[in-house]
Structures are given as structure tokens and as C-alpha cells.
Amino acid sequence: MPELPEVESICRGLKPRLVGRCVKTAVVRCAKLRWPVPSDISKKISNQEILDIKRRGKYLLFIFDSSALMIHLGMSGFLHLVTNGNASTKHDHVDFVLDNGFLLRFNDPRRFGSVLLTEKDPLQHKLLKDLGPEPLGDDFDGKHLFNSAKNRSLAIKNFIMDSKVVVGVGNIYASEALFLAKIKPDASVCDINLQQYVLLADSIKSVLLRAIDAGGTTFRDFRNHLGEKGGFAESLYVYNRSGLPCRICGTTIEKITIGQRSTYFCPNCQKYG
DNA sequence: ACGAAGCCCTGCAAGC
DNA sequence: TGCTTGCAGGGCTTCG
């Protein structure tokens, strides 16, 4: 599934090929996503030039003169750049037909993604305006985590997955970052000191940067080729490794459920507060 | 106000 | 072999 590094890779890849191009029309094949694709989307962006492509959290933002497209890939969404006339396949939702003989196609089997349009600054859209800082930005650090945790009492894993605290930390990276920071995932945020939050913030940055360096490998591909050597899978310390020995101390990795999600940790390396 | 649970959806894998 | 069941995931929405 596309995580933040994957979305960042897509953004960097599309930018040089799409900025400056015009969208001739948008063809909606299946409007049913997390929210319905706006019925007037084609009318609103037809003959509009793509001025810029940005990322905010896991949202891709296509900036036009008087509107912006907000695309979230959910967990199975994918954007293909194909030649116009390319036969559509199952789960193709929207085609953005470009002025150069190509089209940008949004495909999403599980429909957790979204294609939305806004006519104001997308950063002020209700889905984006309350988001926390970017994890790789300068305004995200241990002090930010420490201050955000004041007067709260939830599990640290749920805390760092809260997009109001910091964006882009998904289920996989949450387990990995907590392992690197040596904190048990079910520890309460109020039992963690500033020094540990500094290490945790560094761990989040580190794991995301390593994933970007791995080329934005998706875990969907990883699963399809389970057992084979694949990019980021080789770097995982705990995720999807229950029953296997910790790469650091050899203790058996355990799996628990926190917030209805699978959570992996080393009972020896990771501590409470 | 906060925290936890519910929900959306499909593909895949495991169990019968 | 074919069916059923359970699980995975992001993140908004609802409930307590």
C-alpha cells in the first residue's frame, strides 16, 4: 500500500512530466470511492493547466489556476501514466486526459482512496487544515511530540499514528519507529520523557528516509513476493515478523492488537516509559 | 474534550 | 476443488 515515501516518490515522478500540461477532460468510470468523485470534475478542470503538484501528508495535490485536485491513494490506489487509448481495466476509476496523448489513470481496487476537487486553497480544505506537521520537516521534532502529548493518555502507537500529531506515519512505520526508539507500543504517552520523544522523532524520520531510499517499495509488492528478496522488507525489524527472532537480541518478536491494528514489538528491546 | 470503536471495500490466504 | 471465513489497511465518523 502506498505509504508516505511511496506518495512522495509518485509526486516526484509525476511533477516533471505533468506540470505545464493541460487536462483536456476527465473521464469518470466509477465514481464510487471513499467519497464520490465530484460529478462536475471534468467541467471544472477541462482545459486547465497543471501549475504544480504537491504532497501534504498522503494527499497528492494538483494545482490549477482556480481549483485543486486532491488525490488520496488509500491503501490500494495507484496512478498510472499511460497512452491515450490504453484499454481500461477493472477498478479504473478516473482518467485525466492530457494534451500530449497521455492520460493519468486512477485505479483503486479497495476504494479507500479519494479524488476530490476544491476551489479554495487545498491546504485550507477541511481534510487538510488541521493536519499535523510533516515528519521530515523542520517543525517536527521530539519537543513537538512531547508538547502534543501533554494532558493525554493514549497508547504511544495510536498517538504517532494520529495525523493531527504528525502526518504520514502508517501502521508499519509506527511499529518500526517504536522499535528503533526502544519504546513498547502500548506504553502511555504520559509515561514517556522528552529524551525518549527526541529519539522517537529521530526514529520516525530515519525509518521514512530509509523507505524513500529503498525506492518507495510498496508492501503490496512485498506480500506478492513473500519469501523473495525485496527492497524495504529486508529492512524491517519487527513488522510482520511475529515468532521470528529479533534482529538485535534474538528474542521472539510478538504481535498484539492496538487500536484494532496489528502491532509488532520486541519484548526485550522495547520498554515502558 | 478526549479516546476508542465502527465503518468503508476487495483480494488474498487459510481452513473446512 | 470449491466454498466460507478472517484479515489487512488509512483515516474519517460516530459513540461513549
Side-chain angles (χ1 to χ4, degrees), chain A residues 1-8 10 29-37 55-61 70-79 89-94 106-116 118 122 125-135 147-177 185-192 204 208 211 216-228 230 232-233 236 238-243 255-264:
Chain A
M1 63 297 305
E3 297 272 349
L4 185 143
E6 184 80 357
V7 178
E8 178 65 25
I10 292 170
R29 300 177 186 281
C30 176
K32 207 175 166 194
L33 287 168
R34 166 179 281 280
W35 298 285
V37 179
R55 179 188 62 76
R56 177 72 175 105
K58 292 178 185 171
Y59 283 90
L60 278 169
L61 308 175
M70 301 165 52
I71 296 184
H72 196 294
L73 301 175
M75 65 168 291
S76 59
F78 196 74
L79 285 165
T89 58
K90 199 177 181 183
H91 306 307
D92 284 343
H93 287 267
V94 188
F106 181 77
N107 178 289
D108 186 7
R110 297 192 193 178
R111 301 182 184 179
F112 275 32
S114 58
V115 175
L116 296 172
T118 180
H125 188 278
K126 73 165 187 170
L127 293 171
L128 301 187
K129 69 180 171 66
D130 294 323
L131 289 180
E134 290 286 333
N147 289 332
S148 302
K150 278 177 182 164
N151 302 316
R152 300 189 67 178
S153 63
L154 72 168
I156 184 65
K157 177 165 179 269
N158 288 340
F159 178 70
I160 60 174
M161 289 178 68
D162 181 348
S163 62
K164 288 185 174 62
V165 174
V166 58
V167 298
V169 180
N171 198 44
I172 294 154
Y173 294 135
S175 281
E176 291 298 309
D186 58 342
S188 172
V189 294
C190 53
D191 291 333
I192 295 167
I204 290 170
L208 292 175
T217 308
T218 68
F219 285 96
R220 188 188 170 96
D221 288 341
F222 160 61
R223 288 219 174 126
N224 283 348
H225 302 284
L226 193 63
E228 298 177 9
F232 195 70
L236 293 173
V238 289
Y239 186 82
N240 209 25
R241 296 194 70 245
S242 55
K255 175 183 177 180
I256 56 174
T257 298
I258 297 179
Q260 299 169 300
R261 289 212 159 76
S262 298
T263 305
Y264 302 84

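Residue numbers start from 1 in every chain, and the chains themselves are labelled A, B, ... in the order their sequence lines are given, proteins ahead of strands.
- Rounded to an integer number of Å, the gap from A/K164 NZ to B/dC2 P is 10 Å.
- With distances taken from any side-chain atom of A/R34 to the nucleotides C/dG11, B/dG3, B/dG11, the minimum falls on C/dG11.
- Among the heavy atoms of the strands, none lies under 4.0 Å from A/L73.
- Side-chain N/O atoms of A/H72 include none lying less than 4.0 angstrom from OP1 or OP2 on C/dC12.
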Practice task
Please test A/L73 against A/F106 for side chain to side chain contact (heavy atoms under 4.5 Å, CB included), starting from the C-alpha separation and ending with a verdict.
Solution key: CA-CA 9 Å; A/L73 301 175; A/F106 181 77; 3.6 Å; yes
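- Comparing B/dT10, B/dG6, C/dT13 by their nearest atom to the side chain of A/Q260 picks out B/dG6.
- Of the possible donor and acceptor atoms, none in the side chain of A/E134 sits under 3.5 Å from a partner among the backbone N and O of A/V167.
- Remark: the backbone N or O of A/R110 is paired with a side-chain donor or acceptor of A/S76 at under 3.5 angstrom.
- Here B/dC8 is the nucleotide among B/dT10, B/dC8, C/dT13 with the atom lying nearest to any side-chain atom of A/F112.
- Of the N and O atoms on the side chains of A/N171 and A/K157, at least one donor lies less than 3.5 Å from an acceptor on the other residue.
- In this structure, A/K255 reaches the sugar-phosphate backbone alone: every heavy-atom distance under 4.0 Å involves primed, P, OP1 or OP2 atoms, never a base.
- Among the protein residues, A/Y59 comes within range of the sugar-phosphate backbone only, with heavy atoms under 4.0 Å from sugar or phosphate atoms but none that close to a base.
- Taking atom CH2 of residue A/W35 and atom C1' of nucleotide B/dC9, one finds them 14 Å apart after rounding to whole Å.
- The distance from atom CG of A/N240 to atom C1' of B/dC12 is 14 Å, rounded to the nearest whole Å.
- Contact check, A/R152 against B/dC2: no side-chain N or O comes under 4.0 Å of OP1 or OP2.
- Separating the CG atom of A/L33 from the P atom of C/dC12 is a distance of 15 Å, rounded to the nearest angstrom.
- Using a 4.0 Å cut-off, some side-chain N or O of A/S262 falls inside it from OP1 or OP2 of C/dA8.
- If you check every strand for non-hydrogen atoms under 4.0 Å, A/K90 touches sugar and phosphate atoms only.
- Looking only at distances, no side-chain donor or acceptor of A/D162 sits under 3.5 Å from a matching main-chain atom of A/F159.
- Looking at the side chain of A/L154, the nearest of the listed nucleotides C/dC12, B/dC9, B/dA4 is B/dA4.
- One can place CZ of A/F78 at 17 Å from P of B/dG11, the figure rounded to the nearest angstrom.
- Not a single salt bridge (charged side-chain N to carboxylate O under 4.0 Å, His left out) links A/D191 to another residue, sequence neighbours left out.
- Between B/dA4, C/dC12, B/dT10, one nucleotide has an atom nearer to the side chain of A/N158 than all others, and that is B/dA4.
- Between the NZ atom of A/K32 and the C1' atom of B/dC9 there is a distance of 8 Å, given to the nearest Å.
- Taking atom CG of residue A/D162 and atom P of nucleotide B/dA5, one finds them 15 Å apart after rounding to whole Å.
- Across every non-hydrogen atom of A/L208 and A/P5, the tightest pair is O-CG, 3.8 Å.
- Counting heavy atoms of neighbouring residues, nucleotides and ligands inside a 6.0 Å radius, atom CG of A/N151 does not exceed 12 of them.
- Comparing the axis of the opening five pairs of the helix from B/dC2-C/dG16 to B/dC16-C/dG2 with that of the closing five pairs yields an angle of 50°, rounded to 10°.
- The separation between A/H93 atom NE2 and B/dC9 atom P is 11 Å, rounded to whole Å.
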